[in-house]
Each structure stands twice: as structure tokens, then as C-alpha cells.
Amino acid sequence: MKNTDVFAPNYFHKVVDCQWACPAHTPVPEYIRLIAAGRYSDAYMVNWKSNVFPGILGRTCDRPCEPACRRVRVEEEPVAICRLKRVAADYKDDIRDRLPPPATTKNGKRVALIGGGPASLTVARGLAPLGYTCVVFDQDPKAGGMMRTQIPKFRLPDSVIDEETNYVLNLGIEFRGGQRIDSLKVLLAEDWDAIFVGTGAPRGRDLDLPGRQEAAKNIHIGIDWLSSVSFGHITKIGKRVIVLGGGNTAMDCCRSSRRIGGEEVKVIVRSGFEEMKASPWEKEDAMHEGIPILNFMVPKEFTHENGKLTGVVFEKVKAEYDDKGRRNLVPSGEPDEHVPCDDVLVAVGQENSFPWIERDAGIAFDKWGMPKVDPNTMASSNPRVFFGGDSAFGPKNIIWAVAHGHEAAVSIDKMLNGEDINDRPIPAVDLMSQKMGIHEWSYDNEIALDLRYKVPHREKAIALKDIKAEVELGFDPALALAEAGRCLNCDVQTVFSSSLCIECDACVDICPMDCITFTENGDEADLRQRLKAPANNLTQDLYVMNELKTGRVMVKDEDVCLHCGLCAERCPTGAWDMKKFLIEMTYAGPACRSKA
Amino acid sequence: MTYLTKPKFQHPDLPKNALGYTHRDYEGKISTLCAGCGHDSITAAVVEACYELSIEPHRVAKISGIGCSSKTPDYFLGNSHGFNSVHGRMPSVLTGANLANRDLIYLGVSGDGDSASIGLGQFAHCIRRGVNMLYMVENNGVYGLTKGQFSATADRGSKSKRGAVNSDNAIDLAALALQLGASFVARSFSGDKTQLVPLIKAALEHKGAAFIDCISPCVAFNNHAGSTRSFDYVREHNEAVNHLDFITGREEIKVDYEPGSVELVKQHDGSTLALRKLAKDYNVNNRLAAMSYLLERNAAGEVVTGLLYVDPESDDMHAGMNTVAQPLNSLSDKDLCPGSSALDKINAALR
Ligand SMILES: Cc1cc2nc3c(=O)[nH]c(=O)nc-3n(C[C@H](O)[C@H](O)[C@H](O)COP(=O)(O)OP(=O)(O)OC[C@H]3O[C@@H](n4cnc5c(N)ncnc54)[C@H](O)[C@@H]3O)c2cc1C
Ligand SMILES: Cc1ncc(C[n+]2csc(CCOP(=O)(O)OP(=O)(O)O)c2C)c(N)n1
Ligand code: SF4
Ligand code: SF4
Ligand code: SF4
Ligand SMILES: [Mg+2]
């Protein structure tokens, strides 16, 4: 193999598993170290720059970073990355003077943002400080989108949404609440230089089964019901509730029901428990609140008497796999089951819908009714119109909406500066030695096996009485410090210089994970099998350096390196150094433009 | 050295030996030697060898003298018996232990100062008695622990770190071991574990006095230009006579080497050594030829490494002394003290 180019922007970025997995590439180990140092405000600002809503995400993020965490590969449970983010938000000081000031002079360009969810707010945060006039339209009175209308208050209090949406809106952004956009064409005819569509995926799927119309009074579409609960229009539900569906919405529906009158609440899913879309922790929280999850039951019919729902009939199924390994649900042969209930919440999926975009407005749609959007630039087929968040590629989550928002802001800024939006600068990387003394590093490299700490919860009896009482109480500083200590500092990289190495093997011998091998060169597949420990995880790169005196190569398998720095401490010549990897993502502003 | 202990984490796919142990289970405490010291590599080689042989750690006794090298038994086999004796006295402590309990595997670790200066007499007698052991000298040409004075194995003409030239003649411990009748003699280099690990395995299994002279650069005091024990010098002048692919067990050996390139040496205990020949015509079973080869190549400035000599018919000290086979600690009081009538018999026999 050839020498690894450690300055290629992705090489070390991939080693920081969490940061690489985060759609917004939040520098996770960096903020975790700041939390460990008690520098909560600094940790908050690192997050704010990358993901805009640290307090919200610290409570609700889908956390793609956690399954990626290296602790999973070397121990078992990931670092509680998401809940540590909340610690930064909970314990920070007043950070308002650290936010960018509203632009003092406007640049004369006007951007309309439709929908006030995380996608639009991210675009506006990127553009407003640069002098753009940003106007956000939302049919709802307050900003936040589904973060405010869908996510129940016991998971995400209003105060947190208010605080973080205001940090954005106070950058000099105009928010026109209660104003629905009914025609893109009308908007296009106005003097907007760019339009961003961040209207989400607002339609809940229905279940068209016998009895649906007759029992309509007690059958509710999950997301409509949740927003009504959120706005306080609905405050009660029957004692016996069935929630149909196995995603996040179903979990929020069942837990909300438990708090407003539901005593026997059941979640019933078609598929198996394992295949449910909801995250494991969401299922856990629901079951902890006394909500059983019944699986392999397909709803067949709503039963009713005198216009009142009496229950749901289910067909029992089982999973069968065909020769291609595809799963089919086939009748199990057991008799159908009638589950009596007072109300049903249908949470079987969400759809996009763009009734307000005329099909001759210059926006191309595909055969599924989705706009054609470039995944890199977020541009539609109309050069002035961009999409992001759930409206672009269907329902995802907040952090993806933020990531889309960053890219759309870059595109708009480039376009309105007369640049090609496809010509995007690659992020700049830097490596900085962390050596402070012979055995002293700027980070804590004394790591140990240590199981994940649990976030304290409000007592169940109290939590179930008040739909606004936040269930999770968050880590206190002591627990946060302990959990932060589990981070392996994967951004502090092992960097090797062949010219300094005397091939004494000290690093090979000390490495607790058998990561390092000096051997004859070969191609990758061959080398992977000839290392001190086999390198079978193909998603993780091999770090290869030639030019050693004996003609061998140094090969390091990045897979399970602990970033403990023992190799660098043992090296007599400093051929290994521990260097912090810094990557500057590209945001809207001068940095994203060609050097004029 | 480091101040941190090695974390308990280990690679999830680490292979296990017949006892279910990984090589990590054969480690000892964290080394306090200088970063990059050759001795630490030898430590890692001992760990690897014991792991590969599936040795039960409690069956090993590691005994050493004084010096950086003699500190190393603390850094491997943390669950074995150990005795860190006084300067140059490892051989007598080991001999005594072996006399008392021949069931253990004896690993004597020493340095060139420990064995070639203060302990030279001890070294000689232990070897000539054929004590069943692996006697390993971690040879760096200096007294590392006392800050780098030339040792008795330093080559004449080699330069100290401060520029002084050694004017004394060097003791070649491998040549001496051959002369003293060691039944297994090898030389190796800490920087070449592919050579060293199989040699340690073979030596541990060998019955009789096995000696390994392992060149081990002292990065602090003897790794400069002008030294004949530096990494660079040893790599440039290393001439291996063979490569040992150690094969233990009694099974039929199936190797597909080129005919003539591999020599199979059947051992006394039924195991076989497979040697890939590197120096043509080198005969690993000829003590006299080995001695002259060593002297000759040494004069030509080469560092000869590999398995230099092995006596397939070797035996150990106990055979000649007709000692009791059982460890003394397992003998009963009655066996140890047979009473006055037995004493009377002995006395009568001597009258
Ligand atoms: C029940 C539920 C729970 C969820 N829980 C989580 C979670 O825990 N974590 C997570 O990461 N994600 C969660 N999500 C998903 C997440 O809320 C969305 O992915 C995210 O909010 C999408 O952001 P967005 O900016 O694209 O649009 P949205 O947040 O959907 O915002 C769109 C906004 O546009 C407005 N709008 C729509 N059309 C118009 C129009 N024509 N004129 C004016 N305004 C308009 C809407 O009223 C809305 O306010 C959940 C979703 C649901 C339904
Ligand atoms: C009786 C006695 N004399 C002298 C010393 C001082 N001393 C300690 S270590 C050592 C030499 C060690 O050299 P070597 O065996 O080569 O070990 P190295 O440190 O080089 O590995 C000496 C002379 C001592 N400890 N005890
Ligand atoms: S930092 Fe160095 S010693 Fe530690 S696990 Fe990684 S390669 Fe091994
Ligand atoms: S410890 Fe340093 S000098 Fe020794 S082999 Fe490793 S990188 Fe090379
Ligand atoms: S002084 Fe030399 S022999 Fe002793 S630990 Fe340091 S490098 Fe090794
Ligand atoms: Mg020495």
C-alpha cells in the first residue's frame, strides 16, 4: 500500500467516528473535553456553531453518533454523547454576548424561508449575520416547526425551544408567525432573491380499514393528535388506547396518552419488535411507563357500536424469509384477535405534501410527488428555490434538517455572490501536537473500562401526572464528569513519521490493542490478515507508512485504537506524536466563496 | 517509560491459546525501562513465546540478578514465580531452585554485566552443570542501570556515547557457553521477534542448559554511531545462520520447503525442530564447527545469529546426580527424615 495522506480531509475525520457520523459533523470529543473541564459555555458554543440547537438536540437528537462511537467496539455501550450535549446547555452561563451580532449593514439581498422548523432556522442563522434580509413564514404562531408541535413537552420543554429559536431569530430575522404560504408562484413573483422551502413532511398516513368512517370520532391521526395536544386543544383521551405503528410518533403518542387519561395503553405493530423504527431507548422509556408493545399483529378492522369505537381486530402473522433473505409477513394460522379500546391513534408514517406548490412553478417533481433536489447543494430545478429538512427527501430528523440548512445557506450565499454553487471548497484540516512534556498531554489519556452512566429520571408516578413535566432530569455535573471521562478522544490522532523511527518495536509492544505492526508491504487485503491482530472491520482504514530503514512498512489499524497515546509515550524518538485533528466545516460566508 | 498502566482493554478478535488465554494474559507490570529499550522487546518476545506454547504461568519460575535486564521479569508473566536475586547470582539461585523442584520451567534472565563481569564464575558453573533452564542474557554491551559503562561483552574498539574507545577484549558469551557444554546455544536480536520468539520457545522446551545471547540495544547509552550494539549496526552486520520454525509435538511433520533447504532436528523428548537454512553447510549439531564458525565470522565483523548449536541427545543435571524425581516440597516427613535406623545403615555402609 502507498503512504496514507493524513492531510486528506476525510482520513482522520473518519477516525473520529462520532463526528463523522453526525450529519452536521459536530466536533464531539472537543466539546466533551470542555464539559469535563467544566467549561460548559465553551462546550455550548462549539455545539451551537455546528448544530444550532444544542439544548433541543441534547434532549431529542436521533444520535447517529452513538452507534458509531468507538466505545461500542472496544467495550459495549457508547458514550452518552447526546445527553452530555444537554449538560452544556443546562449548565452554561448567559452566552448571548457570544452570539454573532445582527448585521449592521444589509447586503440588499432578500431571502424568504417557508416553514419555521430547524431547517429554515439554520439557513437563516447562516445568512442573517452576513447581511441578508431573512423572512421566515410559518402557519403556526411560534417558531420551531415539529420540534414545538410534535415532540411532547415531557421530552422537550417549551422554555428550551423558546430560548434556542430566539437565539436565531434575534440575529435580525423577521418571523411572520400565523402566515401560511398558499402559492409558490405568488412568492416567486415577489422580489425574493432566493426562496428556501423548509415545510417538513406534514401529513400523517391514515389506515383505510372497515369501520374507519363509522368510528371516526375515536380514531385519530398521530401527528395531528400530537399537535393538538401540544397546542392544548386536546386534553383527554379514553381509558383504553391502542396506538398503531412502531416509530417515534407511536412512542410519543402512547406516552402522551398515558398522561391525559389513558390507563391501558398498548402499542401494536405489524412487524417484529426488533424491526420497529423507534430507537431502543424510546421503546424502553415507553415500556417503563407500563405500555406493552405487541408485535406481529396486522390491524384488519375497527369494530364499533352505535357510532362508537369498540376495538380493533388483528390478524396474527409471523415472519418468513424467502431464498433472497427477504422478510415476508404471513398469516400464522392463529385466530384473529379482537382488542377492545376506547381510542385509536394511527401512527403508521408521515408523508410530504406540497399542495401550495403549483406544478407549473418551475419545480420538477418525481413520480412519488417529491421535488427533485440535489443532495449536495439542496437546489431544486428552479435556481432560486432550495429545499431542506423533511421537505427535501422525506421525514428524517432535526440534525439532518440542520445539516441540510448549512448546505443550503452555502448555496444561497454562493449563488447570490455570482458563484457556481457546485464548486464547493473542501474543508480545511489541521493537526496540532498535544505534547506538553515527556508524559504529559493536553488531554486525559488515562482511560479505563467504565460502563455508561444512566441519566436520572423524574419519579414515574409524578411524571405521569403532568404532561409538561420533563421526564429526564439530565446529568448533574458529577455524573457528567464521569460520563465525559469515558470519551476516548478519538480526535487526538496518532501521527507517524518514518524518518524518525528506529524500528525498536516499543510502540508495537506497548499498544494495548495490538494496533501497530511493522511488516513487509502488500496490498490491503493481504496486509489486513498479516497484522498483529486481524483487521476485519473494513469500514476502518489502515494507516500505512513506507520509507523505513529495513524496507518494511508501519501499518496501524485505526479500528480499535484507544488514542491512549502509549505508543507516543514509549517511542524513544518521537516518531509517534498525538496530534489533535481540527476540521473547519464550510459555512456560508467568505470562507465558502472562491478567493476573489 | 510511562506512568500510566496499560489499559485493560484488549482487541476484540485476539486469538486464544489452548488454555483459553490471550497473549495479554502473559503480561506483567508496566515496564519502567527507558522508552525504546531493547529489553522491552525481549519481554514482549517472552510473552509471545509463553502464550504460543500455552504454558501455564504458575509452572514458570523466573529468576534474575541485577541490572535493567534483570528487572524485566517483573514485566512479563505476572502470575509466575519470581526471584530477583543479587548481582551476578542468578545462576546459583536458579540451580538451587531447580534442585529442589525440577517440575518448574526455569527462566534465568541476566545482563551482560550481570553474567560476564561479576557473575562470570556463576554463569560458567551453571552452564557446565547442565541445569535444565533457559539462561537468557539481554546483551547491550554496557551496564545500563549504572549509566552506561562498558561491560565485558563490549567489542574492543567500540565507542562509548562520550567518545571513549574500549581497549579491552570482549567476552563472547555464546562461544563460552558452547565451550562450557551448553546443549542449546543461540544468538538473536531484540529487534527481530520473528527470529527470537521461536528460539525462546525451543529453548524453553529444551531439556538441559539452553543459552540465548540476545543482543538488545540500550537506547540511552549505547545506540550511537561507533557502537557495535546499536540498532543500525546490528541490522547491518546481522548474519543469520538459519531460521527456526519451531514445531513442537510428535506428529508427522509436513512441510513443503524446497528439498535440502530445511533441516529437521529430532529432539530427545520426541519434538522436532524445523530449521530453514540460511548459511550453506552450517551444521547445527556440531559443537566444534559452531565454535570456529563463531570466531571466524566474528573476526570478519559479522554478528552471527540463529540457532548455533543443539544437542538432540541432551540431558540435565539431575540425570548425573541421581536425585529424587519428585519436588522436595511434595516429599513426606518420613521420606525426608527416614529415622535413626536408616542413618545407622548408611553409617555402617561407610565404615
Ligand atoms: C411525533 C414526532 C416526534 C419526533 N421526534 C423527534 C426527535 O425526538 N428527534 C428528532 O431529531 N426528530 C424528531 N422528529 C422529526 C423532526 O421533528 C423533523 O424531522 C424536523 O422537525 C424536520 O424539520 P424541518 O425544518 O424540515 O420541518 P418541520 O420541523 O416539520 O417544520 C416545518 C414547518 O413548516 C410549516 N409549514 C408547512 N407548510 C407551510 C406553508 N405552506 N406555509 C407556512 N408554513 C408551513 C409547518 O407548520 C412547520 O412549522 C419527530 C417527528 C414527529 C412527527
Ligand atoms: C554487588 C554489586 N556490585 C555492583 C552493583 C552495581 N550495578 C548495578 S547494575 C550493574 C551492571 C548491570 O549491567 P547489565 O547486567 O549489563 O544490565 P543492563 O542494565 O545493562 O541491562 C552494576 C555494576 C550492584 N548492584 N551490586
Ligand atoms: S494510541 Fe497508540 S498505543 Fe494507544 S491504542 Fe492507539 S496505537 Fe495503541
Ligand atoms: S517506538 Fe518509535 S522508534 Fe520505536 S518502532 Fe515505534 S515508532 Fe519506531
Ligand atoms: S539504561 Fe539502557 S538498558 Fe537501561 S532501560 Fe535505559 S535503554 Fe534500557
Ligand atoms: Mg548490559
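Note that the coordinates shown come from a computational prediction; the quantities given were computed from them, not determined experimentally. Residue numbers begin at 1 in each chain, while the letters A, B, ... track the order of the sequences.
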Report which part of A/Asp559 has an atom under 4.5 Å of a heavy atom belonging to chain B: side chain, backbone, both, or neither.
neither
Hey, are B/Ser216 and B/Asn140 close enough side-chain-wise for a donor-acceptor pair under 3.5 Å?
no
If only atom types and distance count, is the side chain of A/Glu503 paired as donor or acceptor with the main-chain N or O of A/Thr550 below 3.5 Å?
yes
Have A/Ser499 and A/Ser497 got a donor and an acceptor in their side chains that come within less than 3.5 Å?
no
Tell me, for B/Phe9 versus chain A, whether the close heavy atoms (under 4.5 Å) come from the side chain, the backbone, both or neither.
both
Engaged part of A/Val74 at the chain B interface, taking heavy atoms whose separation is under 4.5 Å:
both
Of B/Asn223, B/Asp155, B/Asn222, B/Asp112, which is the lone residue that meets side-chain hydrogen bond (donor to acceptor under 3.5 Å, both in side chains) with B/Arg229?
B/Asp155
So, the part of A/Leu562 with a heavy atom under 4.5 Å from chain B: the answer is side chain
Chain A interface, residue from B/Glu27, B/Glu48, B/His23 that has the most non-hydrogen pairs under 4.5 Å
B/His23
Using a strict threshold of under 4.0 Å (side-chain N to carboxylate O), is an ion pair present between B/Glu52 and B/Lys201?
yes
Can you tell which part of A/Thr573 gets under 4.5 Å to a heavy atom of chain B, answering side chain, backbone, both or neither?
neither
Checking heavy atoms, do the side chain of A/Cys511, its backbone, both or neither come under 4.5 Å from chain B?
backbone
Residue from B/Gly191, B/Ser41, B/Ala44 scoring the most non-hydrogen pairs under 4.5 Å with chain A is B/Ser41
Closest approach of B/Val47 and B/Tyr26, non-hydrogen atoms and distance?
CG2-O, 3.4 Å
Between B/Pro12 and chain A, with a heavy-atom cut-off of 4.5 Å, which part of the residue counts as in contact: side chain, backbone, both or neither?
side chain
Does one side chain, of B/Ser115 or B/Tyr135, offer a donor that lies under 3.5 Å from an acceptor on the other?
yes
